[in-house]
Amino acid sequence: MGGLNFKLMEKYAREIVEKAVRKLGITDIAAEFEVPREEKFGDLATPVALALSKVFRKAPRKIAEEIVSSIEERDVFDRIEIAGPGFINFTFSMGFLSSQLARLVREKETFIRKDVGAGQRVQVEFVSANPTGPLHLGHGRGAAVGAALSNLLEAGGYSVEREYYVNDAGRQVKLLGHSVFAKYQQLLGVEYPFPEEGYRGGYVEDIAKRVIEKFGSRYSETSFQQAADFFTDFSYKEMLGEIAKDLKAFGIGFDTWQSERELYESNEVEKAIDDLRHRRYLYEKDGALWFRATSLGDDKDRVIIKSDGEYTYFASDIAYHRKKIEKGFGEIIDIWGADHHGYISRLKAVIHALGYPPERLRVLLVQMVTLLRGGKPVQMSKRAGEFVTLREVMDEVGSDTAKFIFLTRRPDSHLEFDLEVAKEQSAENPVFYVQYANARIHSIFAHAREKGMETADLSDADFSLLEAPEEQRIVKKLLGYPMTFEGAVISHEPHRITFYLQELTGLFHPYYNRYRVVTEDAGLSRARLALCEAIRIVLNDGLGILGLSAPERM
RNA sequence: GCGCCUGUAGCUCAGUUGGAUAGAGCAACUGCCUUCUAAGCAGUGGGUCAGGGGUUCGAAUCCCUUCAGGCGCGCCA
């Protein structure tokens with residue numbers, strides 16, 4: 001992968017500058033580069049002379065001059081200038097930019113993507129909502145972020161497994177089964193007390209009705225004791241089916257669904273505990289079995305088996321993460337709601353105790369979502385079964401809109417999701433702004449073909465005809481994509497792609513409005529079509545990573 | 001009480017890991033459809049980067065502290 005684009009240019013520029021710096025007698029300094037905010041400061045800039053001013057006790061501008069005068073390689077640059085307090089600004093030559101754009105059009109993904117991962121296997125686990133109720137908006141945020149991160153890492157050369165951990169063991173699913181059982185009895189006219197702390201959402205009744213549809217009154221005379229397994233299994237499987245359906249409608253898919261129950265049945269929980277015991281991280285106290293988490297940075301030791309002999313949730317979590325690691329992933333990423341942040345240190349302690357570097361586990365916290373309607377918080381009570389589901393939000397504002405809202409924020413910032421604002425905006429929503437560019441380009445191509453123009457391979461167009469400042473800006477923005485992309489991959493931050501796409505389309509729309517692509521001038525038309533094609537390539541790459549559709553007509 | 005996250009334009013949020021005069025969208029106001037799509041474009045206004053101190057050539061960014069909001073701190077899941 002990889003061509004000689006901005007990213008490589010940065011490397012190249014760094015070598016040139018560092019070579020020049022070495023001539024001044026400094027060998028241990030890394031020259032940093034950035035894309036300047038303002039156009040007049042060129043295409044790449046380095047503040048290295050500022051950093052060196054302290055070492056030499058000289059004015060930074062003087063040092064910059066010395067560096068610049070000892071640079072020999074000047075062909076790809078149009079200008080090398082010193083500005084401000086001592087920045088060195090590089091501006092690429094037209095010829096260089098043209099050749100790079102031609103390669104983008106010809107090589108497509110190969111050119112714009114960087115192979116950061118080198119095939120390393122990564123697992124991303126996300127959503128993993130308990131199958132005891134429908135997905136809510138917070139799950140939606142986790143889903144959007146998890147899917148986008150997975151796509152991003154995959155595009156960045158990692159081999160990614162997307163996993164959903166199914167909590168199908170333990171008290172919660174059983175409580176769901178009990179709730180459904182109670183509803184079932186009530187629907188059949190049998191007096192039956194609803195369980196304390198039971199699930200009260202309307203979906204419980206829906207499941208109970210489905211039991212009646214399929215099995216009639218078969219269980220009306222039995223106790224919950226006797227029917228527990230059936231009701232628990234039936235109920236959580238129904239629920240999981242609904243969850244999977246919602247996720248699919250949201251455009252999210254998984255490679256593996258790891259069952260918690262299966263970890264018990266295959267004795268992996270026991271084996272994991274044995275493993276920790278052999279490594280001397282366990283001890284007994286007050287009739288319970290404890291993990292010595294404090295020896296590895298956690299604030300408290302943690303119970304694995306309670307004094308009544310029951311496993312804690314933590315026990316299966318240990319087995320689960322042990323399994324992940326032993327599947328051979330170089331990196332394990334867990335995406336959690338921020339309310340679980342207290343579990344990070346104990347799980348890292350587990351990884352450490354099992355003999356692996358704790359950094360191999362990366363936990364990405366996704367902050368809470370506050371749902372508003374017209375500025376007022378929507379009352380939600382899980383206990384009373386009153387909450388707005390992801391499904392309802394999708395129906396009301398659309399999945400692309402919802403995803404875009406999730407992906408234009410850093411995961412660790414609190415999110416206010418106002419349904420009214422999201423809906424009001426949907427006419428002028430930023431997501432449509434980005435998608436609209438794609439639709440327009442599609443129209444341009446349809447029009448060009450109607451005029452009998454050849455649009456199949458445009459890489460041989462004469463790019464030097466793209467002289468307008470708007471065109472130059474777009475070309476530079478396009479060639480900057482690999483840098484943004486690589487930065488997003490390395491930092492695991494899909495939202496950088498979202499912002500980039502808004503910036504790119506923010507250059508395209510004004511350009512479209514001001515210039516005609518298809519005109520009587522065949523050569524110029526061809527060059528502009530090629531530019532549009534380049535935009536389309538990058539746009540589709542970014543939209544695909546974010547999990548957003550790229551409609552050809554809007 | 002302890003720990004984690006957050007505080008940037010009226011609102012919702014970015015800010016390239018310490019760089020140049022802090023940005024975008026929405027909202028407000030004024031114009032632009034006989035053209036490849038007006039879900040668009042052109043223009044105008046909008047800031048004590050929560051407050052204070054420190055680190056240095058340089059801070060929204062790093063350190064300390066105060067304030068405000070959110071979330072955690074079970075032999076619950």
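Here A:Asn89 lies in heavy-atom contact (under 4.0 Å) with a base. Residue A:Ala45 is in base contact, counting any heavy-atom pair closer than 4.0 Å across all strands shown. Using a 4.0 Å heavy-atom distance criterion, A:Leu365 is classed as making no nucleic acid contact. Nucleic acid contact for A:Glu416: sugar-phosphate only, since backbone atoms but no base atoms lie under 4.0 Å from a heavy atom of the residue. Heavy atoms of A:Asp286 sit under 4.0 angstrom from at least one base atom. If you check every strand for non-hydrogen atoms under 4.0 Å, A:His495 touches sugar and phosphate atoms only. Counting non-hydrogen atoms under 4.0 angstrom, A:Glu552 reaches a base of the nucleic acid. Nucleic acid contact class of A:Ser53 (heavy atoms, under 4.0 Å, all strands): none. Among the protein residues, A:Phe445 comes within range of no part of the nucleic acid, since none of its heavy atoms lies under 4.0 Å from any strand. Within 4.0 Å of A:Pro47, counting heavy atoms only, lies at least one base atom of the nucleic acid. Residue A:Ser307 is classed as a base contact, given a heavy-atom separation below 4.0 Å to a base. Residue-level contact check: A:Lys40 touches the bases, meaning some heavy atom is under 4.0 Å from a base atom. In this structure, A:Tyr515 reaches the bases: a heavy-atom distance under 4.0 Å links it to at least one base atom across the strands shown.
The base of B:rG72 does not come close enough to the side chain of A:His340 for any donor and acceptor atom to sit less than 3.5 Å apart. For A:His414 against B:rC5, a side-chain-to-base donor-acceptor contact under 3.5 Å is present.
Summary of the strand contacts: A:Phe33 and A:Arg37 both lie near RNA chain B, and taking for each the nucleotide with the nearest heavy atom, the more 5' one is attributed to A:Phe33.
In terms of modelled atom types and a separation under 3.5 Å, the side chain of A:His509 and the main chain of A:Leu507 share no donor-acceptor contact.
Distance check on atom P: B:rU66 versus B:rC4 gives 14 Å, rounded to whole Å. Comparing the P positions of B:rU61 and B:rC5 gives a spacing of 16 Å, expressed to the nearest Å. Between B:rC13 and B:rC49, the two C1' atoms lie 13 Å apart (nearest whole Å).
Classified by its glycosidic torsion, B:rC62 falls in the anti category, the angle being over 90° from 0. With its glycosidic angle within 90° of 0, B:rU17 adopts the syn conformation.
Atom C1' of nucleotide B:rC4 and atom NZ of A:Lys348 are separated by 14 Å, given to the nearest angstrom. Rounded to whole Å, the distance from CZ on A:Arg514 to P on B:rC32 is 19 Å. Distance CZ (A:Phe499) to P (B:rC13): 10 Å, rounded to an integer number of Å. A:Glu34 has its CD atom 17 Å from the P atom of B:rU61, to the nearest Å.
Across all strands shown, B:rA59 forms no Watson-Crick or G-U wobble pair with both key distances under 3.5 Å.
Using modelled atom types and a 3.5 Å distance limit, the side chains of A:Thr498 and A:Thr408 yield no donor-acceptor pair.
Remark: aromatic rings of A:Tyr511 and A:Tyr515 are close, center separation under 6.0 Å.
You'll find that the side chain of A:Lys300 is closest to B:rG74, out of B:rG74, B:rC5, B:rC75. For A:Ala51, taking side-chain heavy atoms from C-beta onward, the closest of the listed nucleotides B:rG19, B:rG72, B:rC75 is B:rG19.
A stacked arrangement is not assigned to A:Phe87 and the six-membered base ring of B:rG19, the conditions of a centre distance below 5.5 Å and an interplanar angle below 30° not being jointly met.
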